[in-house]
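Everything below concerns the one structure shown next.
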2 protein chains.
Amino acid sequence: MSTTCIRPYADNILIGECKKKLQKAISSFDKLSQVLSLAANDVRLKILYLLDEEGELCVCDLADILEMTIPAVSQHLRKLKDGNVLQTRRAGQTIFYSLKAEHLEIIKPLFEHIAIANRKKQKA
Amino acid sequence: MSTTCIRPYADNILIGECKKKLQKAISSFDKLSQVLSLAANDVRLKILYLLDEEGELCVCDLADILEMTIPAVSQHLRKLKDGNVLQTRRAGQTIFYSLKAEHLEIIKPLFEHIAIANRKKQKA
DNA sequence: AGGTTATTTAAGCAATTGCTTAAATAGTTA
DNA sequence: TAACTATTTAAGCAATTGCTTAAATAACCT
């Protein structure tokens, strides 16, 4: 597919091995990039962080905290729920969102970066 | 901004504290979501993984491995370089890309998930 | 049942993404 | 200098994203 480069010394063995490595982990890449693309949004990252801190929150709370429209927040929550990152609990007419176990091993370590930065900030 | 919800018992103290927490870490969210949005793409995630494995690769190699057009790969590399995730080294007319230290503490742990999945696969 | 509240869903739209093809740079070699 | 190679850049376009507003669900209360 590379169209232009005609290197006489292209290391075909290396290229073959790299292809194999990718192939071997193909489902990991799928899963990772899917979860990361959910976390790779300022609003959603904040939502995840808040849920990690507080346990559970409803759309109303999040909309107030983030100073955003309820539908806007709701749509982010939907994506996170569809991606199996969040789960819901209904209590009367309010619906509480919380982190789901399924992808927690990917999500959790991200907050560590925030915690570290916070600690550094405290010192300074 | 929440427009509709008029909860009499909205926990304004909680909401205020959450706002503060976000404010405190605002630059962390910026940085994190920026780096994550670079990694949250199947192609770019593979590029990062390959560079972690191989040390450095040129556009040609990557295009061959990923079975993609050179300009397509080049544009991904540009984004990663602009985001300070990659650096370049010129050797004649070929340009080698490699991981840059700056955001490595965010990028590196991601590969651990792939390594773990690989190990599990091996066992099974 | 009828009104109120919490939330979701849908339609519309501007902005961004990621590819394609073609042209421009830049270094190498004869 | 001219031809060649490796790479980047640019223009164009379809697909996706994330918001807005308005309407639809769903549970509660009287």
Side-chain angles (χ1 to χ4, degrees), chain A residues 1-11 15 29 33-48 56-83 86-98, chain B residues 1-11 15 29 33-48 56-83 86-98:
Chain A
M1 182 78 65
S2 62
T3 312
T4 328
C5 283
I6 319 168
R7 300 150 297 169
Y9 302 122
D11 189 342
I15 288 167
F29 290 115
S33 66
Q34 198 217 309
V35 175
L36 290 181
S37 71
L38 288 171
N41 169 282
D42 206 58
V43 173
R44 287 194 295 268
L45 194 58
K46 286 174 182 167
I47 289 175
L48 294 173
E56 58 176 23
L57 291 166
C58 65
V59 196
C60 263
D61 289 334
L62 287 166
D64 281 344
I65 296 166
L66 296 166
E67 296 178 50
M68 285 178 66
T69 279
I70 288 181
V73 173
S74 179
Q75 280 156 17
H76 282 298
L77 290 172
R78 190 185 204 294
K79 285 192 182 181
L80 291 167
K81 197 187 175 192
D82 286 350
L86 295 187
Q87 61 199 166
T88 54
R89 173 179 79 86
R90 170 150 235 153
Q93 37 186 341
T94 109
I95 294 172
F96 289 100
Y97 284 83
S98 57
Chain B
M1 181 81 64
S2 62
T3 312
T4 327
C5 283
I6 320 168
R7 300 151 298 171
Y9 302 123
D11 188 342
I15 288 167
F29 289 116
S33 66
Q34 199 215 309
V35 175
L36 290 181
S37 71
L38 288 172
N41 170 282
D42 206 57
V43 173
R44 287 195 295 268
L45 193 59
K46 285 173 183 167
I47 290 175
L48 293 172
E56 58 177 23
L57 291 166
C58 64
V59 196
C60 263
D61 290 333
L62 287 166
D64 281 345
I65 296 166
L66 296 166
E67 298 178 49
M68 286 179 66
T69 281
I70 288 181
V73 173
S74 180
Q75 280 157 17
H76 282 299
L77 290 172
R78 190 185 204 297
K79 284 192 182 181
L80 290 167
K81 198 188 174 192
D82 286 350
L86 295 187
Q87 62 199 164
T88 53
R89 173 179 78 87
R90 171 151 233 152
Q93 39 187 338
T94 109
I95 294 171
F96 288 100
Y97 284 82
S98 57

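From a predicted model like this one, the values you see are computed outputs, not experimental measurements. Chain identifiers are assigned alphabetically (A, B, ...) following the order of the sequence lines, protein sequences preceding nucleic acid strands; residue numbering begins at 1 within each chain.
- Between dT8(D) and Arg78(B), no contact under 4.0 Å exists linking OP1 or OP2 to a side-chain N or O.
- Rounded to whole Å, the distance from CD on Gln34(B) to C1' on dT17(C) is 16 Å.
- In this structure, the CG atom of Asp11(A) is 15 Å from the P atom of dA6(D), given to the nearest Å.
- An OP1 or OP2 oxygen of dT8(D) is reached within less than 4.0 angstrom by no side-chain nitrogen or oxygen of Lys81(B).
- Residue His76(A) places at least one side-chain N or O under 4.0 Å from the OP1 or OP2 atom of dC19(D).
- Applying the side chain to side chain contact (heavy atoms under 4.5 Å, CB included) test to Ser37(B) and every residue at least two apart in sequence or in another chain returns Ala40(A).
- Rounded to whole Å, the distance from CG on Leu77(B) to C1' on dT9(D) is 14 Å.
- Distance CG/Asp61(A) to CD/Glu56(A): 10.0 Å, rounded to 0.5 Å.
- Considering only residues two or more places apart in sequence or on other chains, Thr94(A) meets the side chain to side chain contact (heavy atoms under 4.5 Å, CB included) condition with Cys58(A), Phe96(A).
- Here the side chain of Arg44(B) pairs no donor or acceptor atom with the backbone of Lys46(B) at under 3.5 angstrom.
- Protein atom CG of Asp61(B) is 13 Å distant from nucleotide atom C1' of dT7(D), rounded to whole Å.
- For the atom pair CG of Leu80(B) and CG of Leu48(B), the computed distance is 5.0 Å after rounding to the nearest 0.5 Å.
- The two residues Lys79(A) and Leu38(A) have their closest heavy-atom pair at O-CD2, 3.8 Å.
- Rounded to whole angstrom, the span from the CG atom of Leu80(A) across to the C1' atom of dT7(C) amounts to 16 Å.
- Arg78(A) pairs by the side chain to side chain contact (heavy atoms under 4.5 Å, CB included) definition with Asp82(A), not counting sequence neighbours.
- Remark: P of dT8(C) and CG of Leu62(A) are 10 Å apart, rounded to the nearest angstrom.
- Side-chain N/O atoms of Ser74(B) include one lying less than 4.0 angstrom from OP1 or OP2 on dT8(D).
- In terms of modelled atom types and a separation under 3.5 Å, the side chain of Ser33(A) and the main chain of Phe29(A) share a donor-acceptor contact.
- One can place CG of Asp64(B) at 10 Å from P of dT7(D), the figure rounded to the nearest angstrom.
- Residues passing the side chain to side chain contact (heavy atoms under 4.5 Å, CB included) test with Gln87(A) are Ser98(A), Lys100(A), sequence neighbours excluded.
- Of the residues in residues 38-48 of chain B, none has a non-hydrogen atom less than 4.0 angstrom from any atom of DNA chain D.
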For nucleotides 21-30 of chain D, just jot down a letter per nucleotide in 5' to 3' order: B, S or -, based on protein non-hydrogen atoms under 4.0 Å. BB----BS--

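- Atom CD1 of Ile70(A) is separated from atom P of dA10(C) by 18 Å (rounded to the nearest Å).
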